[in-house]
Engineer: 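Input: one structure, supplied below.
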Amino acid sequence: MYRSIVLFLLAVSMMTVRAQQVVSPDGKLSVEQKDRGMAVSFNRQQVLDIPVLGYHVTANPNPLVFSRKIVDDYTMLSGKRLRCHNEANEYTAAIGKDVTMVLRLYNDGIAFRYELTGLAADTMPSELTTWRIPEGTRRWMQNWTDSYEEYFPLSTTANVAPRLPYYARNEHGYACRWGYPALIEPADGVFVLISESNIERGQSASCLFNEQELFRVTPAACDARTGQWHSPWRIAIIGSLADVVQSTLVTDVAEPCRLDDTSWIEPGVVSWIYWANNHGSNDYDIICRYVDMAVKLQLPYVLIDAEWDQMKNGKTVEDAVEYALSKGIKPMIWYNSSVGWIDGAPTPKFRLNKAEDREKEFAWCQQIGVAGVKIDFFSGDNQMNMDYCIDLLESAARHHLLINFHGATVPRGWQRTYPHLLSTEGVLGAEWYNNNNVFTNRAAAHNATLPFTRNVIGPMDYTPCAFSDSQYPHITTNGHELALTVLFESGLQHLADSPESFLSQPADVQTFLSQLPTVWDETRLVSGYPGEQVVLARRSGTTWYVAGINGTNDVQTISLDLSFVKSRKVTVYTDTASQPWHIYTPNAIPSTMTCQPRGGFVFVVR
């Protein structure tokens, strides 16, 4: 009898402990509340410390209470995976006066946001969320800049000088302001990618300000609110590098698609004029050359870049649009947002800022046959910019115009809510070969870091694939450059090089570009480590594209486990120490590849 009572009490005790656990559906992630924050463990090992949560100065929060189980399936029109599935356990806790935290534990990370009530219109309370990144932790983080065009250098300390003199720094001269996403390796082989998602009207985006190892979430300027309000989702993707790269957590927590009709949204490859000419599109004859290249390579789009309102040759932009349409190519055109760089910046300007002007302009675009717009030079993360972007997205949707945001903040889930947002810059890309000579020697390592950082959170208009040189030379190989078209996901993939360069490449390379997908059914990380090398496998229908690059200045031999790919016919595109191209069809998928310094390769497995 005594033994039965003991066993019964032990069972009740275990049930109570289990009921209080805050875990992901698969049990790999768990959260423990500590003082005013929480600690996150992966496979029972603490990997993330969030010492402070919430708003205001508060006492210890109430215990987290299970709220509901979330199971979500949705379809994307572009991205690393078309069909997305996720599961999460949701918990809530009051963490201060009029502040409730909603916490979700997914199998590949956590997401939390705050729901505030009782707000007064005169002030917007300060968020206190703080991530601890201990000294000695390997991290890849970018100095914040409003265009998010920075490197993600490897470091083990917060005490680093900012790359440029006008970036924010503390009293000791160290960088103190950081942009998303931020990748850390808190334990060997375990990674955490910190970002945010689901910016709505009346919200601003945020960045990180740090004092030593404490990195505080700091929203940009936001109007004060009365009554109720909630923050965007703060997210951390957690697991192996493959878990991070393959995660869709950023869109999992974003609002579902708000468009009733998406049949007009068609991702594709774009012929792009700026890189090779270091100028906009005010020359009708040059535009025609890029249209003709798009015809030759069977690309669906051409971008008519800046200054089209100052067209030479006695022509107008409508003539250029008409020429493209006559050749079966869909034109896109560029606009200055006119909220960021204005004085000295290219035109056209001030055509989109007022609602009535924006509607008129987009109606004109739709009428003459423009398929989409590239909008450039925003001025940061504040609520004004976020609301303006949403205005642009909603107006463009009414006129069936695709969107590419440039000189803008990084994706934060809008690609699910507004699927005609097919690309966003927010990256230090190939156009920097035009800007200074620093990119030449850093590009290879930077390229091998982006699949683990910036491109994880959404489409990235890097403008890849240049076989020739622009203003400053590149020292990456042809195989490396071709691989970038697969490694870097973007619903609109702008090819950087000139018509003469692309059309002088071997016929097999031209065919590759003609058949290049921009929509992927599946993405898998095969191999890699930030800055050193990366191999991704992306599936389009029944065809796999396997792309890899070497981010170092040494020859690398990379082992490949592609057992999940069923081989029927394999074509390999790479280069050698003595040949700019080495294209061949082996009898089976290679199990290793030797990459030249800053080299690369692509397999097409049909």
Side-chain angles (χ1 to χ4, degrees), residues 146-147 270-291 301-325 329-380 384-385 387-409 420-426 431 434-435 461 463 492 494:
D146 55 10
S147 65
V270 188
S271 170
W272 183 52
I273 192 173
Y274 170 77
W275 189 85
N277 292 273
N278 197 28
H279 208 282
S281 297
N282 61 3
D283 190 313
Y284 175 82
D285 293 337
I286 294 178
I287 294 172
C288 291
R289 284 169 42 209
Y290 279 82
V291 171
Y301 295 105
V302 65
L303 175 66
I304 301 172
D305 218 296
E307 298 179 340
W308 51 258
D309 58 334
Q310 304 174 43
M311 194 73 68
K312 300 176 182 178
N313 321 99
K315 299 290 187 176
T316 68
V317 69
E318 293 188 359
D319 295 320
V321 167
E322 183 179 355
Y323 182 78
L325 293 173
I329 305 300
K330 292 176 283 189
M332 302 180 66
I333 63 175
W334 183 98
Y335 285 93
N336 191 324
S337 76
S338 304
V339 294
W341 182 28
I342 300 174
D343 294 339
T347 59
K349 304 175 186 176
F350 302 109
R351 297 196 180 195
L352 306 178
N353 303 80
K354 297 179 181 179
E356 59 272 22
D357 294 341
R358 181 166 56 245
E359 288 295 317
K360 179 181 178 180
E361 196 74 15
F362 285 171
W364 169 75
C365 288
Q366 183 179 26
Q367 178 185 359
I368 67 173
V370 170
V373 290
K374 172 182 174 181
I375 307 172
D376 210 342
F377 304 137
F378 292 85
S379 58
M384 182 273 290
N385 277 285
D387 287 353
Y388 183 32
C389 285
I390 294 172
D391 288 339
L392 292 165
L393 287 163
E394 293 180 349
S395 179
R398 287 191 287 273
H399 299 283
H400 289 190
L401 296 175
L402 308 177
I403 289 276
N404 176 11
F405 284 142
H406 251 240
T409 194
H420 58 304
L421 176 61
L422 290 178
S423 196
T424 301
E425 190 181 25
E431 70 175 40
N434 284 331
N435 296 341
D461 193 16
T463 60
L492 293 169
H494 291 71

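Fair warning: this is a prediction, and the values are worked out from it, not measured in the lab.
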Engineer: Is a side-chain donor or acceptor of Lys349 paired with a backbone partner of Ile342 at a separation under 3.5 angstrom?
Structural biologist: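 Here the side-chain-to-backbone pair exists.
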Engineer: Closest approach of Trp272 and Tyr290, non-hydrogen atoms and distance?
Structural biologist: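 Taking Trp272 first and Tyr290 second, the nearest heavy atoms are O-CE2, 3.0 Å.
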Engineer: By side chain to side chain contact (heavy atoms under 4.5 Å, CB included), which residues pair with Cys365, not counting sequence neighbours?
Structural biologist: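 So Cys365 forms a side chain to side chain contact (heavy atoms under 4.5 Å, CB included) with Ile333, Tyr335, Val370, Val373, Leu401.
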Engineer: Residues in side chain to side chain donor-acceptor pair (under 3.5 Å) with Asp283, at least two apart?
Structural biologist: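 With sequence neighbours excluded, Asp283 shows a side chain to side chain donor-acceptor pair (under 3.5 Å) to no residue whatsoever.
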Engineer: Using modelled atom types only, decide if a donor and an acceptor are shared between the side chain of Asn336 and the backbone of Trp341 within a distance under 3.5 Å.
Structural biologist: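 Flag set: sc Asn336 to bb Trp341 pair under 3.5 Å.
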Engineer: Sequence neighbours left out, what passes salt bridge (charged side-chain N to carboxylate O under 4.0 Å, His left out) with Lys330? Give chain and number order.
Structural biologist: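 Applying salt bridge (charged side-chain N to carboxylate O under 4.0 Å, His left out) to Lys330 gives Glu266.
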Engineer: Keeping the roles fixed (side chain from Ser379, backbone from Val339), state whether a donor-acceptor pair exists under 3.5 Å.
Structural biologist: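 Here the side-chain-to-backbone pair exists.
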Engineer: Who are the salt bridge (charged side-chain N to carboxylate O under 4.0 Å, His left out) partners of Glu361, not counting sequence neighbours?
Structural biologist: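 If we apply the salt bridge (charged side-chain N to carboxylate O under 4.0 Å, His left out) test to Glu361, skipping adjacent residues, the hits are Arg351.
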Engineer: Please identify each residue that fulfils ring pair (Phe, Tyr, Trp, His ring centres under 6.0 Å) with His420, with sequence neighbours left out.
Structural biologist: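 Residues passing ring pair (Phe, Tyr, Trp, His ring centres under 6.0 Å) with His420: Trp264.
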Engineer: Shortest non-hydrogen contact from Glu307 to Gly280?
Structural biologist: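 In this case the closest contact between Glu307 and Gly280 is OE1-N, 4.3 Å.
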Engineer: Could I get the full list of side chain to side chain contact (heavy atoms under 4.5 Å, CB included) partners for Lys360, not counting sequence neighbours?
Structural biologist: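 For Lys360, no residue satisfies side chain to side chain contact (heavy atoms under 4.5 Å, CB included) once neighbours in sequence are set aside.
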Engineer: For Gly407, is there any backbone N or O sitting under 3.5 Å from a side-chain donor or acceptor partner on Glu425?
Structural biologist: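 It does hold such a pair.
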Engineer: Going by heavy atoms in the side chains, are Leu325 and Pro331 under 4.5 Å from each other?
Structural biologist: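 Leu325 vs Pro331: side chains touch.
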Engineer: Restricting to side chain to side chain donor-acceptor pair (under 3.5 Å), what partner residues turn up for Asn434, sequence neighbours left out?
Structural biologist: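 With neighbours one apart ignored, the set is Ser470.
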Engineer: Apply side-chain contact (heavy atoms from CB on, under 4.5 Å) to the pair Thr409 and Asn385, showing each step before the final yes or no.
Structural biologist: CA-CA 9 Å; Thr409 194; Asn385 277 285; over 6 Å; no
Engineer: Decide whether Gln310 and Thr347 meet the rule of one side-chain donor and one side-chain acceptor closer than 3.5 Å.
Structural biologist: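 Their side chains do contain a donor-acceptor pair, which is all the 3.5 Å distance test asks for.
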Engineer: About how many Å separate OG of Ser281 and CE of Met311, when rounded to the nearest 0.5 Å?
Structural biologist: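 Separation between the atoms: 7.0 Å.
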Engineer: Measuring from atom CG of Leu392 to atom CD1 of Ile403, what distance do you get when rounded to the nearest 0.5 angstrom?
Structural biologist: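 Leu392 CG to Ile403 CD1: 6.0 Å, rounded to 0.5 Å.
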Engineer: Taking side chain to side chain donor-acceptor pair (under 3.5 Å) as the test, write out the residues that go with Asn404, two or more places apart.
Structural biologist: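 Side chain to side chain donor-acceptor pair (under 3.5 Å) list for Asn404, sorted by chain: Asp461.
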Engineer: Going by heavy atoms in the side chains, are Ile287 and Tyr323 under 4.5 Å from each other?
Structural biologist: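 Not in contact.
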Engineer: Working to the nearest 0.5 angstrom, can you tell me the gap between Ile304 CD1 and Lys374 NZ?
Structural biologist: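 The distance works out to 12.5 Å.
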Engineer: Tell me the closest heavy-atom pair linking Pro348 and Trp308, and the distance in Å.
Structural biologist: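 The pair with the smallest heavy-atom distance is CG-CZ2, 3.4 Å.
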Engineer: For Phe405, give me all partners under ring pair (Phe, Tyr, Trp, His ring centres under 6.0 Å), at least two apart in sequence or on another chain.
Structural biologist: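 Residues passing ring pair (Phe, Tyr, Trp, His ring centres under 6.0 Å) with Phe405: Phe378.
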Engineer: Can you list everything that forms a side chain to side chain donor-acceptor pair (under 3.5 Å) with Trp334? Sequence neighbours excluded, please.
Structural biologist: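 Testing Trp334 for side chain to side chain donor-acceptor pair (under 3.5 Å), a comparison that skips the adjacent residues, returns Asp376.
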Engineer: Within this structure, what is the CG-CD1 distance for the pair Asn278 and Ile273, rounded to the nearest 0.5 Å?
Structural biologist: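 So the gap between those two atoms works out to 11.5 Å.
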Engineer: Look only at the side chain of Asp305 and the backbone of Tyr274, and say whether a donor-acceptor pair between them is shorter than 3.5 Å.
Structural biologist: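 Such a contact is absent between Asp305 side chain and Tyr274 backbone.
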Engineer: For the atom pair CZ (Arg358) and CG (Asn353), what is the distance rounded to the nearest 0.5 Å?
Structural biologist: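 The CG atom of Asn353 is 8.0 Å from CZ of Arg358, to the nearest 0.5 Å.
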Engineer: Hey, does His400 have a side-chain heavy atom less than 4.5 Å from the side chain of Gln366?
Structural biologist: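 In short, these two side chains touch, coming nearer than 4.5 Å.
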Engineer: Does any part of the side chain of Met332, heavy atoms only, come nearer than 4.5 Å to the side chain of Leu492, both counted from C-beta?
Structural biologist: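 They are in side-chain contact.
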Engineer: Which pairs pass salt bridge (Lys or Arg N to Asp or Glu O under 4.0 Å) with one or both residues in residues 309-321, sequence neighbours excluded?
Structural biologist: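 Not a single pair qualifies under salt bridge (Lys or Arg N to Asp or Glu O under 4.0 Å).
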Engineer: State the CZ-OG distance between Phe350 and Ser338, to the nearest 0.5 angstrom.
Structural biologist: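 Here the interatomic distance stands at 4.5 Å.
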Engineer: So, the side chain of Ser271 versus the backbone of Val302: is there a donor-acceptor pair under 3.5 Å, distance only?
Structural biologist: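 Checking the backbone N and O of Val302 against the side chain of Ser271, no donor-acceptor pair under 3.5 Å is found.
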Engineer: Report the residues that fulfil ring pair (Phe, Tyr, Trp, His ring centres under 6.0 Å) with His399, sequence neighbours left out, ordered by chain and then residue number.
Structural biologist: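 Not a single residue meets the ring pair (Phe, Tyr, Trp, His ring centres under 6.0 Å) criterion with His399.
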Engineer: Provide the closest heavy-atom pair for Tyr284 versus Asn313 in the form atom of the first, atom of the second, distance.
Structural biologist: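 It is N-OD1, 2.8 Å.
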